[in-house]
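Read the structure below first, then the notes.
Letters A, B, ... mirror the listed sequences (proteins, then strands); counts begin at 1.
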2 protein chains.
Amino acid sequence: MTHEPAQGTIFVQTTLKVLGGKWKILILWHLKDGARRFSELKRLLPEITEKMLIQQLRELERDGIVNRNIYSEVPPKVEYSFTEYGLTLKPVLQILCSWGENHLKHIE
Amino acid sequence: MTHEPAQGTIFVQTTLKVLGGKWKILILWHLKDGARRFSELKRLLPEITEKMLIQQLRELERDGIVNRNIYSEVPPKVEYSFTEYGLTLKPVLQILCSWGENHLKHIE
DNA sequence: CAGTATCCGCTACGATACTG
DNA sequence: CAGTATCGTAGCGGATACTG
């Protein structure tokens, strides 16, 4: 499938709107193999602040990419996972990863 | 090819470093079908300022993604195009575009 | 045409403290 | 554990004017 540059611009921008933000792609990367608890994500992304983590998760939730599953326990437990629709992003994540891997080899 | 999440993080971050910046992906999108002059890119991206355009082009040049071809004419003519290595990004751009196209259908 | 050079506002992001 | 609530700031990006 080929795209006219003019039209394609809109499509690319759409994707960028959903995946934009400093942390979203990285968050999704850590969700791609299964659900993660809030605290797990914090541990996996040591640089991120709680504020940013929750903010970006909320936006991904609003865009229908991730689910927020609340377990009514004590202590509280919340897990984030891909929605079925969110799974369509996996090839995107995969190619971003592969390109980066190749680029590291290329520049060393 | 599957990646361990831990390692993969580095790869994804690498890609993000190269493609990061508000305009880079869009600039590359317009270069993907052939060389473009500076003024063409300005016209194709009406929202971008000259400063940002040149800045992002320079960074892409430094990363070996695009070539800057100067024609010693009057008036001056400069064309930007993918390097051979930069062409490896085309599949990435293509998938970002396709996903966005599908997402637009999905949300309407 | 293809840039540079300044100046500056905004907001995305961070640090910290607190809560159900 | 899983969040809120404030407050503060760096630096990304915009506006404008100028140049080879």
Counting side-chain heavy atoms from C-beta on, which of [options] comes nearest to [X]?
{"X": "A/M52", "options": "D/dC1, D/dG14, C/dG14", "result": "C/dG14"}
{"X": "A/F38", "options": "C/dA2, D/dG3, D/dC1", "result": "D/dG3"}
{"X": "B/K51", "options": "D/dT4, C/dC7, C/dC1", "result": "C/dC7"}

Less than 4.0 angstrom between a side-chain N/O of [X] and OP1 or OP2 of [N], yes or no?
{"X": "B/Y80", "N": "C/dG3", "result": "yes"}
{"X": "B/K42", "N": "C/dC1", "result": "no"}
{"X": "A/R68", "N": "D/dA2", "result": "no"}
{"X": "A/R58", "N": "D/dT4", "result": "yes"}
{"X": "A/R37", "N": "D/dC1", "result": "no"}
{"X": "B/T49", "N": "D/dG13", "result": "no"}

**Request:** Kindly determine whether A/R36 and A/Y80 satisfy side-chain hydrogen bond (donor to acceptor under 3.5 Å, both in side chains), including the steps that lead there.
**Result:** CA-CA 5 Å; A/R36 295 284 192 182; A/Y80 294 90; over 6 Å; no
**Asked** Using the benzene-type ring in the case of Trp, are the ring centres of A/H103 and B/Y85 under 6.0 Å apart?
**Response** yes
**Item:** hbond_proxy B/K22 side chain to D/dG13 base (donor-acceptor, 3.5 Å cutoff)
**Value:** no
How many whole angstroms separate atom [atom1] of [X] from atom [atom2] of [N]?
{"X": "B/L41", "N": "C/dG3", "atom1": "CG", "atom2": "C1'", "value": "13 Å"}
{"X": "B/Q56", "N": "C/dG3", "atom1": "CD", "atom2": "C1'", "value": "16 Å"}
{"X": "A/L53", "N": "C/dG14", "atom1": "CG", "atom2": "P", "value": "11 Å"}
{"X": "B/L57", "N": "D/dG13", "atom1": "CG", "atom2": "P", "value": "14 Å"}
{"X": "A/Q55", "N": "D/dT4", "atom1": "CD", "atom2": "C1'", "value": "12 Å"}
{"X": "A/N69", "N": "D/dG3", "atom1": "CG", "atom2": "P", "value": "11 Å"}
{"X": "A/I27", "N": "D/dA2", "atom1": "CD1", "atom2": "P", "value": "15 Å"}
{"X": "A/E79", "N": "D/dC1", "atom1": "CD", "atom2": "C1'", "value": "13 Å"}

**Message:** Can you confirm whether A/E84 is buried at CD, in the sense that more than 12 heavy atoms of other residues, nucleotides or ligands lie under 6.0 Å from that atom?
**Reply:**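 Count not over threshold, so no.
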**Asked** Does the distance from a Lys or Arg side-chain N to an Asp or Glu carboxylate O, for B/K42 and B/E50, drop under 4.0 Å?
**Response**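 A salt bridge links B/K42 with B/E50.
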**Prompt:** If pairing requires Watson-Crick or G-U wobble contacts with both distances under 3.5 Å, which nucleotide is the partner of D/dG20?
**Reply:** C/dC1
**Fill in**
Any strand, both distances under 3.5 Å, Watson-Crick or G-U wobble: D/dC7 pairs with C/dG14
**Item:** Test item: B/T83 side-chain N/O and B/I65 main-chain N/O as donor-acceptor pair under 3.5 Å
**Value:**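 Yes; at least one donor-acceptor contact below 3.5 Å.
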**Request:** Would you mind telling me which of A/L26, A/I25, A/L31 makes a side-chain contact (heavy atoms from CB on, under 4.5 Å) with A/L93?
**Result:**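 Among A/L26, A/I25, A/L31, the one that satisfies the side-chain contact (heavy atoms from CB on, under 4.5 Å) with A/L93 is A/I25.
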**Along DNA chain D (nearest heavy atom to each residue), the more 5'-positioned of A/P76 and B/I48** = A/P76
